[in-house]
Participant: 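Quick one: this structure, given as structure tokens, is what I'll be asking you about.
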Number of protein chains: 2
Amino acid sequence: MEKVTMADVAREAGVSKSTVSQYLNKRYEYMSEKTKQKIEMAIDTLGYQPNFLARSLKQKRTSLIGIIVANITHYFSTEVSRAIEDFFHQYDLQTIVCNADDDPDKEKKYIEMLRAKQVDGLIIFPTGKNNELYESMINQGYPVVFVDRKVENLDVFSVITDNTESTCKAIQHFIENGHENIAFAVQPLTVSTRIERLEGYKKALNDAGLEVNPNYIIEASIPEMKKKLEELFSLDVKPTALFAANDRVFIALGEFLKEKGMKFGKDLDVVVFDNIPFSQMLETTLSFIIQPAAKMGTKAAELLYQQIRKEDHDPEVFVFPSDIK
Amino acid sequence: MEKVTMADVAREAGVSKSTVSQYLNKRYEYMSEKTKQKIEMAIDTLGYQPNFLARSLKQKRTSLIGIIVANITHYFSTEVSRAIEDFFHQYDLQTIVCNADDDPDKEKKYIEMLRAKQVDGLIIFPTGKNNELYESMINQGYPVVFVDRKVENLDVFSVITDNTESTCKAIQHFIENGHENIAFAVQPLTVSTRIERLEGYKKALNDAGLEVNPNYIIEASIPEMKKKLEELFSLDVKPTALFAANDRVFIALGEFLKEKGMKFGKDLDVVVFDNIPFSQMLETTLSFIIQPAAKMGTKAAELLYQQIRKEDHDPEVFVFPSDIK
DNA sequence: TTGTAAGCGTTATCAA
DNA sequence: TTGATAACGCTTACAA
């Protein structure tokens with residue numbers, strides 16, 4: 001299998017390798033109809049399939065774009081990926097997706113692999129834990145765009161949501177509706193998105209002249225989340241509203257409420273920050289902060305394409321507003 | 001950028017290319033500590049990054065696995081992909097995911113691209129519309145496994161769910177609960193999964209001695225689905241239960257019911273065939289048929305790995321049971 | 001213990 | 001209009 005090479009085709013067709021190469025690259029200008037047909041036949045009878053590896057080695061580009069997502073089962077990531085793919089499809093660039101699984105080691109491996117495979121550019125949902133590697137890419141002028149999460153002290157094109165702003169708005173909404181005891185649940189503050197959302201929460205409270213009660217802020221990993229919620233709802237003054245900083249927190253919360261026989265909307269007002277598939281099928285008493293995934297993906301793709309084409313722009317951070325629904 | 005080659009490193013370190021190559025491949029056996037350090041330093045100061053393209057060209061393998069999913073935003077696909085990735089991670093094979101978007105042309109392009117890039121093997125959620133291409137891969141002994149969908153007349157390793165069986169059981173459940181007017185909604189019958197689910201529906205009715213009423217079977221594309229549902233619920237004898245053949249049908253159904261002010265469980269009993277993220281957060285009156293995505297992914301990966309290692313097995317179809325929840 | 005040289009399957013340059 | 005031939009960056013006998 002896979003041993004038929006251009007040389008075989010050339011021999012079979014009775015022409016030289018270079019002529020076959022011309023044919024394959026559709027440079028027919030000076031090619032006689034007869035040669036064309038001979039080559040066509042030879043390819044057919046031998047079942048020849050070109051080896052792009054060899055071509056790329058020579059041409060120094062692969063026409064491939066790499067996406068490294070933090071978590072491939074996260075709906076937002078797949079929506080963004082699809083938009084990126086749609087964008088590059090029009091330029092005949094193909095897209096491959098790798099899943100870093102929120103693991104900095106895996107992320108590193110994939111970045112190195114994709115670069116070593118000479119992928120033309122990279123769009124990354126960074127874990128934020130490989131700064132040296134990020135820096136070296138950027139310093140070497142390798143085309144790269146970051147999505148979803150900001151990395152501090154790094155001059156790189158980034159596409160993110162207004163995490164602080166939209167969280168702030170959601171909390172203001174709670175306040176307008178008469179809530180005073182508003183809780184905030186988040187996973188460990190290891191990435192910018194979580195930190196910024198917490199900032200938005202605090203800002204809204206401050207702006208409204210409400211006190212930030214540390215007991216109402218839960219920072220816990222998913223397995224610990226339920227225990228912390230237990231504590232939260234054992235307080236003398238229980239919260240009447242809660243902000244779930246992402247979809248996984250939301251799931252933990254849902255399980256907790258179910259166990260306690262509590263209901264969204266009735267016993268607790270809830271806003272979730274994330275694009276949840278099927279959210280339209282969920283109880284209408286819930287609110288969601290929806291990021292414009294498709295637009296963000298397209299923007300990231302554009303930014304990468306500029307770099308690949310060596311258009312000169314200074315790295316910028318593009319912030320997209322999100323919708324509360 | 002990216003112009004530092006092994007030759008540069010060799011020059012900088014004052015050794016030959018082959019020695020550098022030895023070093024990179026960790027064949028230290030006969031290497032003096034001094035040479036090792038010299039090379040290490042040279043790599044560091046030059047910022048050398050190996051070009052895997054060149055290596056793969058020589059070695060004729062890439063240590064890369066390709067997954068071609070029909071729809072990357074489909075939760076089931078991402079779950080399967082993750083399991084595949086986890087499996088190969090232990091063997092230091094990396095995984096890339098491409099999204100065919102249920103488009104046979106895109107699927108073809110990706111298959112050809114990945115093969116041309118010398119990917120070591122392919123796991124495909126087939127559109128079912130590229131039979132010639134599938135055949136040529138298989139005949140050439142290229143490692144490939146199909147997931148989720150069966151393709152007729154093709155002797156290939158496949159990993160699928162017992163679509164007929166589990167649909168049948170779900171319908172039996174309806175019948176046991178006293179339902180007699182059970183509807184079935186599905187997208188156009190272009191892939192095996194949909195066809196088999198319909199078969200299961202018919203089988204259950206037949207087994208129970210109930211008549212299959214063609215008016216209760218809706219086969220429509222998603223945009224047309226609501227209109228067809230409208231017709232269904234204008235019948236004199238309206239269905240009291242409905243089987244949604246996948247998640248997208250489910251969404252259309254949800255929108256329809258909302259518009260009509262109808263409620264799941266109260267006005268209509270519903271079973272959905274698909275892994276829906278957050279299904280535990282949805283109304284408890286709904287049932288879901290859940291495919292064992294992780295197990296299926298692992299199995300597919302094992303089957304591919306066997307082929308890559310040239311272990312001799314005859315193609316088989318592995319059918320997994322699914323759960324009703 | 002290290003170096004030389006051929007080769008992997010293409011493309012590109014230039015000559016014929 | 002087509003063909004030699006030299007790259008591309010690496011691996012691998014084999015020689016030294």
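Throughout, protein chains are lettered first and strands after them, A, B, ... in sequence-line order, and every chain is numbered starting at 1.
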Participant: Nearest to the side chain of Ser16(B) - dT11(D), dG3(D), dG3(C)?
Facilitator: dG3(C)

Participant: Send over the distance from Arg11(A) CZ to dG9(C) P, rounded to a whole Å.
Facilitator: 12 Å

Participant: Let me spell it out: for each of Lys34(B) and Leu57(B), pick the nucleotide of DNA chain C with the closest heavy atom. Which residue's pick is nearer the 5' end?
Facilitator: Lys34(B)

Participant: Report the residue (Ser32(B) or Leu24(A)) whose heavy-atom-nearest nucleotide on DNA chain C is the more 5′ of the two.
Facilitator: Ser32(B)

Participant: What integer distance in Å separates Gln59(B):CD from dG9(D):C1'?
Facilitator: 13 Å

Participant: Return no unless some side-chain N or O of Asn51(A) is found under 4.0 Å from OP1 or OP2 of dC8(C).
Facilitator: no

Participant: For Thr35(A), report the nucleic acid contact type (base, sugar-phosphate, nothing); a contact means any heavy atom under 4.0 Å.
Facilitator: sugar-phosphate

Participant: Ignoring the backbone of Tyr48(B), work out which of dT2(D), dC10(D), dT10(C) is nearest its side chain.
Facilitator: dC10(D)

Participant: Would you mind reading off the distance between Tyr23(A) atom OH and dA12(C) atom C1', rounded to a whole angstrom?
Facilitator: 20 Å

Participant: Among the nucleotides dA12(C), dT11(C), dT2(C), which one has an atom lying closest to any side-chain atom of Ser18(A)?
Facilitator: dA12(C)

Participant: CD of Gln22(B) versus C1' of dT4(C): gap in Å, rounded?
Facilitator: 13 Å

Participant: Under the 3.5 angstrom rule, does the side chain of Glu79(B) hit a backbone N or O of Thr73(A) as a donor-acceptor pair?
Facilitator: no

Participant: Given dC8(D), dG3(D), dG9(D), which nucleotide is nearest the side-chain atoms of Lys58(A)?
Facilitator: dC8(D)

Participant: Indicate, with a heavy-atom threshold strictly under 4.0 Å, whether Met31(A) touches base, sugar-phosphate, or nothing.
Facilitator: sugar-phosphate

Participant: Provide, to the nearest angstrom, the distance between the CD atom belonging to Gln49(B) and the C1' atom belonging to dG9(D).
Facilitator: 14 Å

Participant: Using atom CZ of Arg61(A) as one end and atom P of dT11(C) as the other, report the distance to the nearest whole Å.
Facilitator: 11 Å

Participant: Determine whether the side chains of Thr78(A) and Ser81(A) contain a donor N or O and an acceptor N or O closer than 3.5 Å.
Facilitator: no

Participant: Can a cation-pi geometry be assigned to Lys295(B) and Phe320(B), taking NZ or CZ under 6.0 Å from the six-membered ring centre and within 45° of the ring axis?
Facilitator: no

Participant: Could you check which of dT11(C), dT11(D), dA4(D) has an atom nearest any side-chain atom of Ser21(B)?
Facilitator: dT11(D)

Participant: Any salt bridge between Glu33(B) and Lys36(B), counting N to O under 4.0 Å?
Facilitator: yes

Participant: Among dC8(D), dG9(C), dT12(D), which nucleotide has an atom closest to any side-chain atom of Lys60(A)?
Facilitator: dC8(D)

Participant: Over how many whole Å does the gap from Gln118(A) atom CD to dG9(D) atom C1' extend?
Facilitator: 9 Å

Participant: Does a donor on one side chain sit under 3.5 Å from an acceptor on the other, for Gln291(A) and Thr161(A)?
Facilitator: yes

Participant: For the pair made of NZ in Lys17(B) and P in dA13(D), what is the distance, rounded to whole Å?
Facilitator: 16 Å

